[in-house]
Amino acid sequence: MTMFNQAMTADAAAIPRPEFPRPDWERKDWFNLNGAWAFRFDPSDEGIGQSWQNEGVPAFREQIQVPFSWSSPLSGIGVNEPGIGWYRRTVAWQPEFGPARIFLRFGAVDYRCDVWVNGVHAGSHRGGYGAFEFEVTDTWKKDKENTIVVRVEDRDEDYQARGKQGYGEIRGIWQPVWLEARPESFVREARFRTFMDGRIEVECFIISGGVTEAELSFQFAQGAVNHKEQVRLTAGENTVRTSFTVANPRLWSPETPFLYEGEIVLSGSFGRDRVSTYFGIREIATARFGDRDYRWITLNGKPVYLNGTLDQSYHKTGYFTYPSDEEMRNEIYLMKRLGLNFVRIHIKPEEPRKLYWADKLGILVMEDMPCFWGAPDERARTAYESEAREVLARDYNHPAIFSWVMFNETWGLKSGKAAGSLTGDESGNMNYLPETQEWVRRMYRWAKEADPTRLVEDNSACNWDHVETDLNTWHFYINGYEQVRQHVSDVVEKTYPGSELNFIGGNVQTDAPLMNSECGNVWGIEHGAGDSDLAWHYRYMLNEFRRHDKMCGFVFTEFRDVTNEFNGYYRLDGTDKDFGYGDFVPGMTIADLHSPDFIVIDAPPCRTVEGGERVAVALLRSSYSDRYHGRTLKLDWELWYDQLGERQAADRGEASIEWNGYGVAPIAPLNLTMPNRDAVAVLAVRLLDEAGGAITRNFITFDVRSGEADGTYDSGFGHISLPVGGFAGQSFTHHWDAIQGAKVSGAGAGAFTYEVRLPERERLELIGDIEIVFEASAKRVLARNIEGAKARETGIHFMHGAAADVEYNPNTYYMTDEERHESEVTVCIDGEPAGTVHLPDDPADSRGVLSWHYQPVANRLDEAGSYGYLCKVKVPGRIAAKLDRSRSFRLELRAGEGGLALYGRNAGRYPLDILVCYR
């Protein structure tokens, strides 16, 4: 090892992103150029004229951290301005094994890039997402310092394939940069095509320095694969096609992500080119099953139900560049722990190392091509086609990628009189013209020909405008159970070969698989959902999806919160949100909703019923795995309710189910008897295997009403019920009500005061014990609670990542997560404290059943999902004795600085107002 390489190794720990950038195509003799570079903006475009590329010019006074976009915080620049930036780095490095050819490699640079080494122009590149390289062998000084200068120009032109960069612009160098040594003849690229029977076809592109004989070998899985090919090379590029068979192949899938890791070695008189790489054996296709006239998506010949999420792949400090390899690995882990088996990378190709972790840990990837935002003119098409070729070539070998999405929501495909400004003609119209449709068809067919191993989608459609596609996808953002149910049913019913639905220009549906490729409640609510609970909507939406035999999967928007969309499974920093499902069915998590074997409860998420009523509940079995086929599984169910803090079973049972065949089919319904009291009753179901292990869990709820004015609770006490809104006075700085008056809230310290009259002596001779029972939470005060809501229209600026003032959003009520807002409530009787209850948080999630059930309008949220804690304060005997005489008192519920929310009969988690219980 040379002294230069030893120094490089010693400093590696201090280099951002020190690992090799391409684990799918890795050479050992390389030098990492990440880290500090000199930097300078060039607002007047004077650098070329003043020869900034040469040595001896004035120093670049700023410093930037590569590989981070100059707009990102991690770059050390943090200036989000388009324009020109210059980079300079001085480095001494020589290959470990010489003589060798030296290549300067870039993961990605946005947008136009020119590179000089020691003042000599090495090359130019256009495009923001593709990898590229320049050979610098002739200009590189071995055993001496070399100066690398990079000029980048990013003007945000309408023709640029920018994708959805508004969340964080990828200006300048935004993926790793490195030097790499190769022998005179080397393997530039190899493409693996795999088959389930173990047959592997390989196409190798070899660059040779001259006419020579060589041996090309493939050594994988610790010698289990050992194939050699003798080849004769001519000067320049050579294409070598070969094949071999893997004995007893281990197939790649999300459940078993086996990779055949090893090397491709090209050896001859020129030396040896050794490339570490891998492949996964898997086949992606579509197929009909049984007598169906529609197809399902298949993985390795079997149906696969795609439980997926939309990933903006955005980091708060690095933007589209992750700070570390570990964080990219953790992204895949966080998806898999939710039970997801696939991810859609949104309007951008993913970084190679994150794709590596998708391969290694096992998650399917739908990868989008980046879109342009202007008119689909010749310049835009040329730029797009160039980037698409680069993306497909770079990512061809990743077994995780099962689909290419060529365009998204017709962005960049509509023309108008002022199409370049996205405003259309004088009437604001934008048109998806027939000639553009034909260009999209050509792009679809080009991708199919270039990569026959994957499914290709022409346009991920939200405007019902497919042209030709392997996947019949659609988007919807609708809130409300009935609305979602009707919409999904309509789409399914209108999906059949020959249907015009979802296609444009006289094109019609084939038997292509039906799949949702974007859904969620973020845009299904007026002015956007703000930051609110998604757990309630998510559960009934997935039940609706699994009702339909035609549907092959979905893409939920989205994986993490971003700057203006707060509907992620996780917060932007990766912290958890609490969906609350485990409180309904012990052990249930969101992963239960993603089980390939699933029990559909074909019923609303909540309905109002009478105490003692007999209720029938329809069930379906949905199977997209053959793991349990041919077996008898057990359906275990329980109807339970919370009786003032004690869980009570109202009904329960079990049934055997013959689990045979793919798809959706009805099973015997359940007939339930509701409890004879006011309660939120929960039907909890579990599908169990032969050993009693839970395969999947699910639930629905019922608002059970006794019909009694004060409610029936079986507390062992008599009681009177005080409506939460019936207070005689309050002392908060700000207070308000919600959910049609069923909830009242106060900001900061203060109290709600109620006048209470106990039964007279003729009805109750002696008052012994008194207990005050109510539901309460802390109250996190939002800006809109004090200043009023400020509704914003969610136009095209939101698609470009415009920040949202979430606290002013009329629908915001923060979903329960790791952050807590605490308070306490003290119960006072005629001014004397009787007891204090700690309020851990101001939560909102699926446990706020009544706050969801009594939302008056589906697409406007009024503190939906919010709920509190069951509070019980027993009045001390010395105070109760006074009340026995007076039979009336003033009840105060005093809050600490964290505020107070009180939930009445039709709000929160518990179906009660303030109960004054006595005996």
Original post:
Salt bridge or not for D156 and R171, using N-O below 4.0 Å?
Top reply: yes
Subject >> Side-chain ion pair, R199 and E201, N-O less than 4.0 Å >> reply: yes
**OP:** State yes or no: are the ring centers of W178 and F20 separated by less than 6.0 Å?
**Re:** yes
Subject >> W439 and F407 aromatic centres sub-6.0 Å >> reply: yes
Original post:
If only atom types and distance count, is the side chain of E283 paired as donor or acceptor with the main-chain N or O of M196 below 3.5 Å?
Top reply: yes
Original post:
Do D325 and W357 have a side chain donor and acceptor closer than 3.5 Å?
Top reply: yes
**OP:** Answer yes if the ring centres of W296 and F289 are under 6.0 angstrom apart, and no otherwise.
**Re:** yes
Subject >> Distance-only side-chain donor-acceptor flag, D154 / Q160, under 3.5 Å >> reply: yes
Original post:
Are side-chain N/O atoms of N516 and W474 paired as donor and acceptor at under 3.5 Å?
Top reply: no
Subject >> Centroid-centroid distance, Y624 to Y662, less than 6.0 Å >> reply: no
Original post:
CG/L364 to CZ/F402 distance, rounded to the nearest 0.5 angstrom?
Top reply: 6.0 Å
**OP:** May I have the step-by-step check of ring-ring contact (aromatic ring centres under 6.0 Å, His included) for Y129 and W174, ending in yes or no?
**Re:** CA-CA 9 Å; Y129 293 90; W174 69 279; 5.8 Å; yes
**OP:** Inspect the surroundings of CD in E435 and state if more than 12 heavy atoms from other residues, nucleotides or ligands are less than 6.0 Å away.
**Re:** yes
Original post:
Would you say the side chain of E263 lies within less than 4.5 Å of the side chain of V275, judging by non-hydrogen atoms?
Top reply: no
Original post:
Quick one: does H594's side chain get under 4.5 Å of F554's, heavy atoms only?
Top reply: yes
Original post:
If you measure from the Lys or Arg side-chain nitrogens to the Asp or Glu carboxylate oxygens, is any gap between R344 and E518 under 4.0 Å?
Top reply: yes
Subject >> E331 side chain to Y322 side chain, donor-acceptor N/O pair below 3.5 angstrom >> reply: yes
Original post:
With side chains defined as the heavy atoms from C-beta onward, is the minimum distance between L471 and M366 less than 4.5 Å?
Top reply: yes
**OP:** Measure the spacing between CZ of R191 and OG1 of T453 and express it to the nearest 0.5 Å.
**Re:** 10.0 Å
Subject >> Ring centre gap for Y260 and Y278 strictly below 6.0 Å >> reply: no
Subject >> Aromatic contact, Y294 with Y496 (centres under 6.0 Å) >> reply: no
**OP:** Would you please indicate if the ring centroids of F186 and F103 are separated by under 6.0 Å?
**Re:** yes
Original post:
Can you tell me if N397 uses its side chain to pair, donor with acceptor, with the backbone of F279 under 3.5 Å?
Top reply: no
Subject >> Criterion ring-ring contact (aromatic ring centres under 6.0 Å, His included) on F244 and F218, from CA distance to verdict >> reply: CA-CA 9 Å; F244 53 87; F218 301 84; 5.6 Å; yes
Original post:
Could K354 and E350 be called an ion pair, given the rule that one side-chain N must be under 4.0 Å from one carboxylate O?
Top reply: yes
Subject >> Test ring-ring contact (aromatic ring centres under 6.0 Å, His included) applied to F132 and F106, step by step >> reply: CA-CA 6 Å; F132 59 95; F106 294 84; 5.0 Å; yes
Original post:
With no hydrogens and no angle check, is any side-chain donor or acceptor of N459 less than 3.5 Å from a backbone partner on A461?
Top reply: no
Original post:
Should M369 and E387 count as side-chain neighbours, where that means a heavy-atom distance under 4.5 Å?
Top reply: no
Original post:
Which salt bridge (Lys or Arg N to Asp or Glu O under 4.0 Å) pairs, counting each pair once, include a residue from residues 374-383, with sequence neighbours left out?
Top reply: none
Original post:
Below 6.0 angstrom between ring centroids: does that apply to F556 and Y569?
Top reply: yes
**OP:** Assess the pair F192 and Y396: is the distance between their ring centroids shorter than 6.0 Å?
**Re:** no
